[in-house]
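Working notes, structure below.
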Amino acid sequence: MYLIHILDVLLLASVISATKRFWTQKQDNDLAEFQPAFLELADCPFQIEPVGCFKDKKDDRALPDEICNGRDPTRDQHTKFLAQIQWTNYNHWLANFICYGAQKLFEKKPDIKTDYIGVQYYGEIWANMGNEKTTHDKHGKAMTCCDGDYKDVTSEEPNQCGLFAGKSVTNYVYKVTNYKSVEKIDNCPYFQSKGCWADKEPWHKDIEKRPMEVYAMNERDPYANNWNKRMIDWGNWGKGYLGDLLCRCADLAKKSNKKFFSIQFYGECWITNVEPRFKEDGASTQCVDGEWGVCDMNNGMGKKCRNHFCAGKAEANKVYQLMQGPHMCQSSPCKNEGKCLTVGTNDFVCQCKPGYSGEDCGIETPKDAPSH
């Protein structure tokens, strides 16, 4: 009897070991096959704004429709676009998954410009596919969400610069905006608010001496050489026009290899690469949002990666910084055919081939040694 017990224990251990090897190999294969559409969320062609962590109920869903699932391959909504959850590469996987969720939403609701999705249980995306009012906050706020490094969310205020997911029966909600539904903008570049800054007595300065270096285009003055044949749409100022104007200016800055862009006098687009220069006339409170409220009373130097859309009045620049590229991986920092993955906008990790290790895969190691 004792011998049989020992054999049972050994058999169980063997099964556990084989199962672990199988899932480890499967995870490695999934990671090898994972071909992300975007290096990071900054590349997503939709605007993604974190809203916060909210409670859910299984018998009364806040967002009633599951539109994709990267956690459970038995679900009908399981997407073939992504590998299943990459637990060891979750930040990178989550960025692509969120963007894919937005894409699925707008495929199913093509006439909607702005809506909400919720990331739940690390790898599920829920939405409201009906025409009724958005219900993502119907059960109240929660504190049971985590970031891409599995650290708990500790504030009810949304952090606009991170990646987050809800745990079980909790949604981390994102507001998603589709600019393609209103205008043919291939990709609205990702940008971060840099505040509201003065441009004192602009009529007394040559353009090249203004705080923003280049007057790139305008939608205010049809007699100027840089008029783009559009006029400010005052009737839709806060209903899509201001966001589209920012996208056009951001795209122009990107194509001109400029790091910063601004909106001045409601419809002028200015661009530059020199940060100290646009601050030389000091801070301003003369910037307004889509509802004509004052922006950046604290000068906008807070934590929002996508501050609510604003524009400068006369003698004021509402300044933004492009956050899209060049990516850390574009310099090919991983040696010996190692695979480079971006982490946020300022870091990367290398996945080394067998026989190499180190931060850049530059160290030769025995082929049976673990790689990083």
Side-chain angles (χ1 to χ4, degrees), residues 37-38 41 44-82 84-85 93-146 153 156 158 160 163-185 188 236 238-244 247 290-291 306 308-309:
F38 310 108
L41 193 59
C44 183
F46 311 105
Q47 179 179 317
I48 313 290
E49 289 184 78
V51 175
C53 185
F54 295 88
K55 299 175 184 177
D56 199 7
K57 292 182 179 180
K58 290 185 177 180
D59 59 350
D60 183 21
R61 292 286 187 182
L63 295 168
D65 304 297
E66 186 181 11
I67 59 174
C68 56
N69 187 308
R71 183 184 62 82
D72 181 356
T74 66
R75 302 278 264 277
D76 291 340
Q77 295 85 0
H78 177 61
T79 171
K80 303 300 182 183
F81 178 78
L82 296 172
Q84 283 186 263
I85 295 176
W93 182 90
L94 182 59
N96 282 267
F97 191 61
I98 292 169
C99 187
Y100 183 66
Q103 176 183 321
K104 295 293 286 184
L105 173 72
F106 291 123
E107 283 176 357
K108 296 180 179 182
K109 301 175 74 174
D111 297 328
I112 297 297
K113 178 180 176 181
T114 298
D115 212 327
Y116 296 84
I117 59 174
V119 181
Q120 184 170 150
Y121 215 160
Y122 303 99
E124 302 172 358
I125 291 185
W126 294 75
N128 186 343
M129 303 309 295
N131 295 320
E132 61 271 20
K133 185 180 178 181
T134 299
T135 57
H136 67 268
D137 56 353
K138 68 185 294 185
H139 300 306
K141 293 186 177 181
M143 295 293 285
T144 48
C145 294
C146 67
V153 171
E156 290 187 351
Q160 300 294 326
L163 290 170
F164 306 94
K167 299 179 184 179
S168 179
V169 201
T170 308
N171 285 310
Y172 197 92
V173 176
Y174 294 86
K175 180 181 178 181
V176 294
T177 302
N178 181 15
Y179 285 102
K180 291 183 179 179
S181 67
V182 293
E183 186 172 345
K184 292 182 179 179
I185 299 175
C188 184
N236 290 301
K239 300 176 183 178
Y241 170 78
L242 178 55
D244 293 339
C247 281
E291 298 179 352
R306 276 194 186 269
H308 52 290
F309 292 159

Original post:
How far does CG of N96 sit from CG of L163, to the nearest 0.5 angstrom?
Top reply: 10.0 Å
Original post:
Which atom pair, heavy atoms only, marks the closest approach of L105 to V176?
Top reply: CD2-CG2, 3.6 Å
Subject >> side chain to side chain contact (heavy atoms under 4.5 Å, CB included) assessment of Y121 paired with K167 >> reply: CA-CA 4 Å; Y121 215 160; K167 299 179 184 179; over 6 Å; no
Original post:
Are the side chain of D137 and the backbone of G140 linked by a donor-acceptor contact shorter than 3.5 Å?
Top reply: no
Original post:
Do Q120 and R71 have a side chain donor and acceptor closer than 3.5 Å?
Top reply: no
**OP:** Can you see which heavy atom on V119 is nearest to which on Y174, and at what distance?
**Re:** CG2-CE1, 3.9 Å
Original post:
If you measure from SG on C68 to OH on Y100, what distance do you get to the nearest 0.5 Å?
Top reply: 6.5 Å
**OP:** Verify, without hydrogens or angle tests, whether T144 (side chain) and A142 (backbone) share a donor-acceptor contact under 3.5 angstrom.
**Re:** no
Subject >> Nearest-0.5 Å distance that lies between atom CG in D65 and atom NZ in K104 >> reply: 13.0 Å
**OP:** Give the C-alpha distance, both sets of side-chain angles, the deciding distance and a yes or no for side chain to side chain contact (heavy atoms under 4.5 Å, CB included) between N171 and L63.
**Re:** CA-CA 9 Å; N171 285 310; L63 295 168; 4.3 Å; yes
**OP:** Please name the pair of heavy atoms, one in F106 and one in T177, separated by the smallest distance, quoted to 0.1 Å.
**Re:** CZ-C, 3.9 Å
**OP:** For the pair N69 (side chain) and E124 (backbone), establish whether a donor and an acceptor sit closer than 3.5 Å, ignoring hydrogens and angles.
**Re:** no
Original post:
Do you know the tightest heavy-atom contact between D60 and H139?
Top reply: O-NE2, 2.7 Å
Original post:
Do S168 and Y122 come within less than 4.5 Å of each other through their side chains, counting heavy atoms only?
Top reply: no
**OP:** Let me see the working for C145 and F54 under side chain to side chain contact (heavy atoms under 4.5 Å, CB included), right down to the final yes or no.
**Re:** CA-CA 8 Å; C145 294; F54 295 88; over 6 Å; no
**OP:** Taking all heavy atoms of N128 and all of K109, pick out the closest pair and write down the distance.
**Re:** O-NZ, 2.9 Å
Subject >> Exercise: identify the closest heavy-atom pair between I67 and M129 >> reply: CG2-SD, 3.8 Å
Original post:
At what distance, to the nearest 0.5 angstrom, does SG of C53 lie from OH of Y172?
Top reply: 7.5 Å
Original post:
When you look at I117 and W126, which way does the side chain to side chain contact (heavy atoms under 4.5 Å, CB included) test go after all the steps?
Top reply: CA-CA 6 Å; I117 59 174; W126 294 75; over 6 Å; no
Original post:
Got a second to check how far C99's SG is from L94's CG, nearest 0.5 Å?
Top reply: 11.5 Å
Subject >> Inter-residue atom distance E66.CD - D72.CG, 0.5 Å rounding >> reply: 8.5 Å
